[in-house]
Amino acid sequence: MRSRYAMVCSSNQNRSMEAHALLKREGFDVSSYGTGSHVKLPGPSLREPNVYDFGTPYKHMFDELRRKDPDLYKRNGILPMLKRNMSVKLAPQRWQDNSSDGPFDVVLTFEEKVFDMVLEDLNNREQILMKTVLVINLEVKDNHEEAATGAQLALDLCREVFDWLYFMY
(Lines give C-alpha, C1' and ligand atoms only; values in the text may rest on other atoms or scores of the structure.)
Protein backbone atom coordinates (compact mmCIF):
# COMPACT_ATOMS: atom_id res chain seq x y z
CA MET A 1 0.00 0.00 0.00
CA ARG A 2 1.37 3.38 -1.01
CA SER A 3 0.28 6.34 1.08
CA ARG A 4 -0.72 9.64 -0.51
CA TYR A 5 0.38 12.94 1.00
CA ALA A 6 -0.85 16.51 0.50
CA MET A 7 1.11 19.64 1.47
CA VAL A 8 -1.06 22.74 1.94
CA CYS A 9 -0.28 26.41 2.56
CA SER A 10 -2.09 29.59 1.58
CA SER A 11 -0.91 30.22 -1.99
CA ASN A 12 0.79 26.93 -3.04
CA GLN A 13 4.01 28.85 -3.64
CA ASN A 14 6.53 28.65 -0.81
CA ARG A 15 5.91 26.32 2.15
CA SER A 16 3.78 23.66 0.46
CA MET A 17 5.95 23.70 -2.67
CA GLU A 18 9.23 23.43 -0.73
CA ALA A 19 7.81 20.36 1.05
CA HIS A 20 6.32 19.00 -2.20
CA ALA A 21 9.68 19.27 -3.98
CA LEU A 22 11.54 17.55 -1.13
CA LEU A 23 9.05 14.71 -0.65
CA LYS A 24 8.85 14.16 -4.41
CA ARG A 25 12.67 13.85 -4.58
CA GLU A 26 12.46 11.29 -1.77
CA GLY A 27 9.94 9.17 -3.70
CA PHE A 28 6.71 10.03 -1.86
CA ASP A 29 3.36 10.17 -3.66
CA VAL A 30 2.75 13.86 -2.89
CA SER A 31 0.62 16.73 -4.13
CA SER A 32 0.39 20.34 -2.96
CA TYR A 33 -2.27 23.01 -2.70
CA GLY A 34 -3.20 26.44 -1.39
CA THR A 35 -6.37 27.50 0.40
CA GLY A 36 -6.51 31.21 -0.40
CA SER A 37 -8.92 32.86 -2.80
CA HIS A 38 -5.97 33.95 -4.99
CA VAL A 39 -2.25 33.31 -5.25
CA LYS A 40 -0.34 36.23 -3.76
CA LEU A 41 3.36 36.96 -4.19
CA PRO A 42 5.26 39.89 -2.67
CA GLY A 43 5.41 42.98 -4.86
CA PRO A 44 7.41 46.18 -4.73
CA SER A 45 5.61 47.09 -1.48
CA LEU A 46 3.23 45.46 1.02
CA ARG A 47 0.35 47.35 -0.60
CA GLU A 48 1.25 46.12 -4.08
CA PRO A 49 1.31 42.30 -4.05
CA ASN A 50 1.31 40.37 -7.29
CA VAL A 51 -2.02 38.53 -7.42
CA TYR A 52 -2.81 35.59 -9.69
CA ASP A 53 -5.62 33.10 -10.06
CA PHE A 54 -4.99 29.51 -9.04
CA GLY A 55 -4.14 27.59 -12.19
CA THR A 56 -1.91 30.37 -13.59
CA PRO A 57 1.28 28.56 -14.67
CA TYR A 58 4.38 29.22 -12.58
CA LYS A 59 6.22 29.99 -15.83
CA HIS A 60 3.78 32.81 -16.61
CA MET A 61 4.38 34.32 -13.15
CA PHE A 62 8.15 33.88 -13.54
CA ASP A 63 8.22 35.57 -16.97
CA GLU A 64 5.96 38.43 -15.86
CA LEU A 65 7.96 39.21 -12.71
CA ARG A 66 11.25 38.89 -14.55
CA ARG A 67 9.96 41.51 -17.03
CA LYS A 68 8.67 43.81 -14.25
CA ASP A 69 11.80 44.00 -12.06
CA PRO A 70 14.32 41.16 -12.34
CA ASP A 71 16.65 42.57 -9.67
CA LEU A 72 13.91 42.94 -7.05
CA TYR A 73 12.39 39.51 -7.61
CA LYS A 74 15.76 37.78 -7.73
CA ARG A 75 16.92 39.56 -4.57
CA ASN A 76 13.77 38.69 -2.60
CA GLY A 77 13.91 35.06 -3.73
CA ILE A 78 10.69 35.01 -5.75
CA LEU A 79 12.28 34.14 -9.11
CA PRO A 80 14.33 31.22 -7.71
CA MET A 81 11.22 29.99 -5.86
CA LEU A 82 9.13 30.10 -9.05
CA LYS A 83 11.90 28.31 -10.94
CA ARG A 84 11.82 25.52 -8.34
CA ASN A 85 8.02 25.39 -8.56
CA MET A 86 8.16 25.02 -12.36
CA SER A 87 10.29 21.91 -11.91
CA VAL A 88 7.68 20.34 -9.61
CA LYS A 89 4.37 21.03 -11.36
CA LEU A 90 2.67 23.31 -13.86
CA ALA A 91 0.63 25.67 -11.68
CA PRO A 92 -0.64 26.31 -8.15
CA GLN A 93 -3.77 24.35 -7.25
CA ARG A 94 -6.49 25.24 -4.79
CA TRP A 95 -7.27 22.71 -2.02
CA GLN A 96 -11.01 23.35 -2.15
CA ASP A 97 -11.03 22.39 -5.85
CA ASN A 98 -9.03 19.15 -5.46
CA SER A 99 -11.67 16.54 -4.65
CA SER A 100 -11.21 14.92 -8.07
CA ASP A 101 -7.53 14.29 -7.19
CA GLY A 102 -8.64 11.38 -5.01
CA PRO A 103 -8.24 10.69 -1.30
CA PHE A 104 -5.13 11.43 0.75
CA ASP A 105 -3.86 9.47 3.73
CA VAL A 106 -1.99 12.42 5.27
CA VAL A 107 -2.49 16.17 4.84
CA LEU A 108 0.12 18.54 6.26
CA THR A 109 -0.67 22.24 6.60
CA PHE A 110 1.81 24.96 7.45
CA GLU A 111 -0.38 27.53 9.18
CA GLU A 112 -3.26 27.30 11.65
CA LYS A 113 -5.75 29.20 9.47
CA VAL A 114 -4.93 26.86 6.56
CA PHE A 115 -5.42 23.85 8.88
CA ASP A 116 -8.85 25.22 9.85
CA MET A 117 -9.81 25.74 6.20
CA VAL A 118 -8.75 22.20 5.25
CA LEU A 119 -10.78 20.71 8.12
CA GLU A 120 -13.80 22.82 7.23
CA ASP A 121 -13.56 21.75 3.59
CA LEU A 122 -13.17 18.06 4.47
CA ASN A 123 -16.18 18.24 6.78
CA ASN A 124 -18.27 19.86 4.04
CA ARG A 125 -17.35 17.39 1.30
CA GLU A 126 -19.68 14.62 0.30
CA GLN A 127 -18.35 11.52 2.05
CA ILE A 128 -18.11 8.80 -0.57
CA LEU A 129 -15.29 6.55 0.62
CA MET A 130 -15.60 7.21 4.37
CA LYS A 131 -11.81 6.98 4.54
CA THR A 132 -9.82 8.33 7.47
CA VAL A 133 -7.31 11.09 6.77
CA LEU A 134 -4.67 12.34 9.18
CA VAL A 135 -4.47 16.16 9.11
CA ILE A 136 -1.51 17.76 10.91
CA ASN A 137 -0.46 21.39 11.19
CA LEU A 138 3.18 22.41 11.33
CA GLU A 139 3.33 26.11 12.13
CA VAL A 140 5.89 27.51 9.67
CA LYS A 141 6.55 31.18 8.94
CA ASP A 142 6.14 32.13 5.30
CA ASN A 143 9.73 32.89 4.36
CA HIS A 144 12.28 30.92 2.34
CA GLU A 145 14.45 29.85 5.28
CA GLU A 146 11.56 28.66 7.46
CA ALA A 147 9.99 26.91 4.46
CA ALA A 148 13.17 24.86 3.99
CA THR A 149 13.19 23.92 7.69
CA GLY A 150 9.47 23.13 7.58
CA ALA A 151 9.94 20.93 4.51
CA GLN A 152 12.58 18.87 6.32
CA LEU A 153 10.26 18.52 9.33
CA ALA A 154 7.45 17.47 6.98
CA LEU A 155 9.71 14.84 5.39
CA ASP A 156 10.75 13.48 8.79
CA LEU A 157 7.12 13.36 9.94
CA CYS A 158 5.96 11.66 6.72
CA ARG A 159 8.67 9.03 7.10
CA GLU A 160 7.43 8.30 10.63
CA VAL A 161 3.81 8.19 9.49
CA PHE A 162 4.76 5.92 6.57
CA ASP A 163 6.50 3.52 8.94
CA TRP A 164 3.47 3.54 11.23
CA LEU A 165 1.00 3.01 8.35
CA TYR A 166 3.18 0.27 6.89
CA PHE A 167 3.11 -1.71 10.10
CA MET A 168 -0.62 -1.11 10.62
CA TYR A 169 -1.57 -2.78 7.34
Side-chain angles (χ1 to χ4, degrees), residues 4-102 104 106-118 120-122 135-158:
R4 295 194 65 224
Y5 298 83
M7 306 292 118
V8 189
C9 68
S10 184
S11 287
N12 196 203
Q13 288 287 348
N14 187 27
R15 298 166 291 180
S16 62
M17 285 301 292
E18 185 74 33
H20 185 161
L22 181 59
L23 270 72
K24 183 178 176 183
R25 275 195 311 272
E26 294 294 321
F28 283 83
D29 182 358
V30 61
S31 298
S32 61
Y33 304 92
T35 57
S37 55
H38 292 92
V39 173
K40 292 182 184 172
L41 292 171
S45 74
L46 287 175
R47 293 190 182 123
E48 302 174 86
N50 294 286
V51 180
Y52 300 95
D53 290 328
F54 279 95
T56 303
Y58 292 116
K59 180 160 180 26
H60 172 81
M61 296 176 207
F62 180 88
D63 292 342
E64 183 175 278
L65 297 179
R66 188 172 57 181
R67 270 193 310 276
K68 281 184 178 180
D69 191 340
D71 293 333
L72 169 67
Y73 295 112
K74 187 183 257 187
R75 189 173 59 251
N76 69 7
I78 299 300
L79 291 179
M81 178 186 74
L82 289 169
K83 198 170 191 175
R84 176 211 55 217
N85 294 355
M86 289 187 294
S87 73
V88 175
K89 66 182 195 176
L90 176 68
Q93 296 170 275
R94 191 162 182 262
W95 169 262
Q96 294 89 330
D97 303 329
N98 87 338
S99 60
S100 64
D101 291 353
F104 292 98
V106 178
V107 177
L108 292 182
T109 64
F110 297 93
E111 182 178 343
E112 186 176 1
K113 112 180 144 170
V114 172
F115 176 81
D116 292 341
M117 291 176 84
V118 166
E120 181 180 343
D121 179 70
L122 288 172
V135 184
I136 301 170
N137 184 57
L138 298 173
E139 198 65 31
V140 177
K141 289 182 184 174
D142 194 4
N143 63 54
H144 301 297
E145 296 77 24
E146 293 291 326
T149 301
Q152 185 59 54
L153 290 172
L155 174 61
D156 294 345
L157 182 58
C158 288

Please tell me if the side chains of [X] and [Y] come closer than 4.5 Å, counting only heavy atoms from C-beta onward.
| X | Y | answer |
| --- | --- | --- |
| Asp71 | Asp69 | yes |
| Val51 | Leu41 | no |
| Val39 | Asp53 | no |
| Arg66 | Pro70 | yes |
| Leu108 | Cys158 | yes |
| Phe62 | Met86 | yes |
| Tyr52 | Asn50 | yes |
| Val107 | Ile136 | no |

Measure across [X] and [Y] and return the closest heavy-atom pair with its distance rounded to 0.1 Å.
| X | Y | answer |
| --- | --- | --- |
| Met61 | Pro92 | CE-CG, 3.6 Å |
| Tyr73 | Pro44 | OH-CD, 3.5 Å |
| His144 | Asn14 | ND1-OD1, 3.5 Å |

[atom1] of [X]: more than 12 outside heavy atoms within 6.0 angstrom?
| X | atom1 | value |
| --- | --- | --- |
| Glu48 | CD | yes |
| Lys89 | NZ | yes |
| Glu120 | CD | no |

Side-chain donor-acceptor pair under 3.5 Å between Asn85 and Gln13, yes or no?
yes
Could you verify whether a donor N or O on one side chain and an acceptor N or O on the other, from Gln96 and Asn98, lie under 3.5 Å apart?
no
Distance check, rounded to the nearest 0.5 Å: [X] atom [atom1] versus [Y] atom [atom2]?
| X | Y | atom1 | atom2 | result |
| --- | --- | --- | --- | --- |
| Leu72 | Asn76 | CG | CG | 5.0 Å |
| Thr35 | Lys113 | OG1 | NZ | 7.0 Å |
| Trp95 | Ser31 | CH2 | OG | 9.5 Å |
| Leu138 | Asp156 | CG | CG | 10.0 Å |
| Thr109 | Glu139 | OG1 | CD | 8.0 Å |
| Gln152 | Leu157 | CD | CG | 11.5 Å |

Stepwise salt bridge (charged side-chain N to carboxylate O under 4.0 Å, His left out) test for Asp63 and Lys59
CA-CA 6 Å; Asp63 292 342; Lys59 180 160 180 26; 3.1 Å; yes
Parallel, tilted or perpendicular: ring planes of Tyr33 versus Phe104, cut at 30 and 60 degrees:
perpendicular
Which pairs of donor and acceptor atoms, one on a side chain in residues 15-23, lie under 3.5 Å apart (sequence neighbours left out)?
| residue | atom | partner | partner atom | Å |
| --- | --- | --- | --- | --- |
| Arg15 | NH1 | Phe110 | O | 3.3 |
| Arg15 | NH1 | Glu111 | OE1 | 3.2 |
| Arg15 | NH1 | Val140 | O | 3.0 |
| Arg15 | NH2 | Glu111 | OE1 | 2.9 |
| Ser16 | OG | Asn12 | ND2 | 3.0 |
| Glu18 | OE1 | Arg84 | NH1 | 2.4 |
| His20 | ND1 | Ser32 | OG | 2.7 |
| His20 | NE2 | Val30 | O | 3.4 |

Strictly distance-based, threshold 3.5 Å: is any side-chain N or O of Asn143 a donor or acceptor partner for the main-chain N or O of Glu146?
yes
Side chain to side chain contact (heavy atoms under 4.5 Å, CB included) evaluation trace for Val8 with Phe115
CA-CA 8 Å; Val8 189; Phe115 176 81; over 6 Å; no
